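Reading through the structure tokens given below for one structure.
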Amino acid sequence: MGNLWHCTDGAEQHCEAFRRNAIAATRGCGVDGGLAEFLLAPRAEVVSVGDGDPVLYAPLADAAATAYHAVGTAACRLKPGASAALVGIGGLGTYGVQFVKLLSAARIFAVDNVRSRLRAAKEVGADEAVLFEGDGTAATEQLLSLTDGRGVDVIVDFVGSADTLKLAARVSRPRGRIVLVGLEGGTLEVGWGLLATGCEFTVSLGSTRQDLREVCQLARSGKLRIDIQQFPFEEVQTAYDALRAGTLTGRAVVVFP
């Protein structure tokens with residue numbers, strides 16, 4: 001790892017050396033697995049957290065860094081006066097709201113189907129909370145109304161269902177950008193009249209080492225709210241059950257004695 005085309009171009013998360021199916025396997029995802037007390041990692045992949053609490057920093061390597069990278073792919077669109085919609089305010093989306101707030105002056109719309117998550121989004125910087133119900137038609141209309149019919153400049157979809165992608169296409173303004181992160185397997189039909197003119201669509205994969213370094217620096221500076229729920233190793237199944245049920249508070253972190 002580190003000697004191939006993508007690696008030397010600063011996009012090592014796309015490295016083909018450890019690819020499994022459609023997704024590259026890097027930083028504990030895939031080849032080396034997870035849920036282990038120790039992990040053998042290439043030296044270049046290690047980022048120091050100094051005297052920070054490793055339990056608190058654990059979600060940064062995946063959830064936070066992934067959200068940071070996704071927001072960063074659209075940073076050029078987030079100019080003063082622009083707007084951003086973050087769809088899915090879970091373990092990644094909460095960070096997404098914070099990063100848009102930290103990196104831009106854009107107006108932030110948080111979109112989710114759970115009211116408590118929308119309240120959390122407001123607490124970390126969202127300007128507006130939009131409840132996603134049914135197929136998302138009402139949420140689409142609300143977003144268009146909130147933007148006076150202009151549409152949204154950047155939509156980051158942390159869900160990836162057919163309905164959330166349809167919402168993204170309907171609310172994107174011309175020359176907007178849709179960033180897909182979520183893995184729910186939805187698809188989007190594109191073509192003239194189906195997507196705003198000049199709208200860009202990208203699938204954002206993971207993060208780079210530099211993304212992780214910058215996220216850790218933000219955490220060290222006290223600029224990130226990191227919500228976690230700890231589970232001892234023997235209660236791993238409880239953590240998975242809570243994840244499936246949507247009852248987690250923040251990101252699940254498995255800890256060892």
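The shown structure was predicted, so the numbers you read here are calculated from the model rather than taken from an experiment. For the single chain, residues carry numbers from 1 onward in sequence order.
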Donor-acceptor contact present, side-chain [X] to main-chain [Y], <3.5 Å:
X: Ser221; Y: Lys223; value: no
X: Ser172; Y: Ala168; value: no
X: Thr202; Y: Ser204; value: no
X: Asp112; Y: Arg117; value: no
X: Arg177; Y: Thr73; value: yes
X: Thr66; Y: Ala63; value: no
X: Gln229; Y: Thr249; value: yes
X: Lys122; Y: Asp127; value: yes

Aromatic plane relationship, Phe233 with Phe256 - under 30° parallel, 30 to 60° tilted, over 60° perpendicular: parallel
Glu37, CD atom: more than 12 neighbouring heavy atoms under 6.0 Å: yes
Does [X] share a hydrophobic cluster with [Y], counting links as ILVMFWY side-chain heavy atoms below 4.5 Å and allowing steps through other members?
X: Leu188; Y: Leu143; result: yes
X: Leu92; Y: Leu167; result: no
X: Val171; Y: Val111; result: yes

Derivation of the salt bridge (Lys or Arg N to Asp or Glu O under 4.0 Å) call for Arg77 and Glu200: CA-CA 11 Å; Arg77 296 280 199 273; Glu200 297 176 347; 3.2 Å; yes
Leu212 CG to Tyr57 OH distance, which is reported to the nearest 0.5 Å: 11.0 Å
Distance, nearest 0.5 Å, that separates CZ of Arg170 from CG of Leu195: 12.5 Å
Derivation of the side chain to side chain donor-acceptor pair (under 3.5 Å) call for Asp211 and Thr208: CA-CA 5 Å; Asp211 290 327; Thr208 66; 3.1 Å; yes
Thr140/Thr137 under side chain to side chain donor-acceptor pair (under 3.5 Å): CA gap, chis, key distance, verdict: CA-CA 5 Å; Thr140 298; Thr137 297; 6.0 Å; no
Worked check of salt bridge (Lys or Arg N to Asp or Glu O under 4.0 Å) between Asp153 and Arg175: CA-CA 7 Å; Asp153 294 277; Arg175 299 185 67 221; over 6 Å; no
